[in-house]
Amino acid sequence: MLININPILSPDLLFQLRSMGHGDKLVLADANFPAHSMNKNVVRLDGVNIEDAARAILSVFPLDSFVVSQGGRAANRMEVDNNPDELTDTHKEFIKSVKDISGNNWEVGSIERQLFYEEAKKSYLIVTTTDARPFGCFIMTKGVVKPDGSVWVLEK
């Protein structure tokens with residue numbers, strides 16, 4: 001065990017998170033997501049739901065403020081088919097996790113399901129959970145850690 005490292009973060013996942021660079025994308029996916037057909041770099045978190053996985057990952061994963069300064073979002077959810085504004089319970093839990101861990105100024109955007117799949121194919125890593133609730137898939141873009149160990153903070 002390590003101090004201050006969430007035990008959900010397996011050695012494989014920690015290695016992958018550490019290997020990612022600024023601007024690389026991570027997909028956090030539900031149990032139904034076709035991870036292995038989208039990407040060869042997949043880490044499984046069996047027995048873990050989206051909320052717990054998001055909180056663990058965000059505890060060590062800085063979100064990208066640069067993409068926000070360019071009009072994008074550093075965290076995005078998969079839209080519900082034919083109802084893009086609907087927020088599922090999984091979406092609400094993820095959004096709360098982002099705000100609780102990364103800060104209230106972060107907003108979670110949305111991506112239509114087929115476009116989400118295209119983005120997932122370009123991601124660095126897909127982390128799958130066993131959360132079976134539909135549309136529980138998210139993309140996060142990694143930000144910068146400064147030399148002093150702090151992260152760039154999103155200001156409004």
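For clarity, every value in this text was computed on a predicted model and none was experimentally measured. Nothing fancy with the numbering, it's 1 onward along the sequence.
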Spacing of [atom1] belonging to [X] relative to [atom2] belonging to [Y], to within rounding of 0.5 Å:
X: Cys137; Y: Met38; atom1: SG; atom2: CE; result: 9.5 Å
X: Ile126; Y: Asn41; atom1: CD1; atom2: CG; result: 8.5 Å
X: Ile111; Y: Ile139; atom1: CD1; atom2: CD1; result: 4.0 Å
X: Ser123; Y: Lys25; atom1: OG; atom2: NZ; result: 9.5 Å
X: Leu63; Y: Arg73; atom1: CG; atom2: CZ; result: 12.5 Å

At their closest point, which heavy atom of [X] faces which heavy atom of [Y], and how far apart are they?
X: Pro84; Y: Glu79; result: CB-OE1, 3.2 Å
X: Asp89; Y: Arg133; result: CB-NH1, 4.0 Å
X: Val80; Y: His91; result: CG2-CE1, 4.0 Å
X: Leu28; Y: Ala53; result: CD1-CB, 3.8 Å
X: Asp64; Y: Gly23; result: OD2-CA, 4.1 Å
X: Thr129; Y: Asn49; result: CG2-O, 4.2 Å

Find out if a path of hydrophobic residues (ILVMFWY) with successive side-chain heavy-atom gaps under 4.5 Å connects [X] to [Y].
X: Trp106; Y: Phe61; value: yes
X: Tyr124; Y: Phe15; value: no
X: Met78; Y: Ile95; value: no
X: Leu87; Y: Val98; value: yes

Is the closest basic N to carboxylate O distance between Arg44 and Asp46 below 4.0 Å?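 The answer is yes: the pair qualifies as a salt bridge.
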With a 4.0 Å cut-off on N to O distance, would you call Asp24 and Lys142 a salt bridge?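 The answer is no: the pair does not qualify as a salt bridge.
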Using a 6.0 Å cut-off, check whether atom NZ of Lys96 has over 12 heavy atoms from anything other than its own residue.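 Counting neighbours around NZ of Lys96, 12 or fewer heavy atoms of other residues, nucleotides or ligands fall under 6.0 Å, so no.
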Run Leu45 and Val127 through side chain to side chain contact (heavy atoms under 4.5 Å, CB included) and show every step you take. CA-CA 7 Å; Leu45 292 180; Val127 177; 3.5 Å; yes
Begin from the C-alpha positions of Lys121 and Phe116 and carry the test side chain to side chain contact (heavy atoms under 4.5 Å, CB included) through to its verdict. CA-CA 9 Å; Lys121 290 176 184 176; Phe116 189 99; over 6 Å; no
If you define the side chain from C-beta out and look only at heavy atoms, does anything of Arg55 sit under 4.5 Å from Glu93?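 A side-chain contact under 4.5 Å is absent here.
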Phe33 ring center near Phe138 ring center (under 6.0 Å):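 Here the rings of Phe138 and Phe33 have centres that are no less than 6.0 Å from each other.
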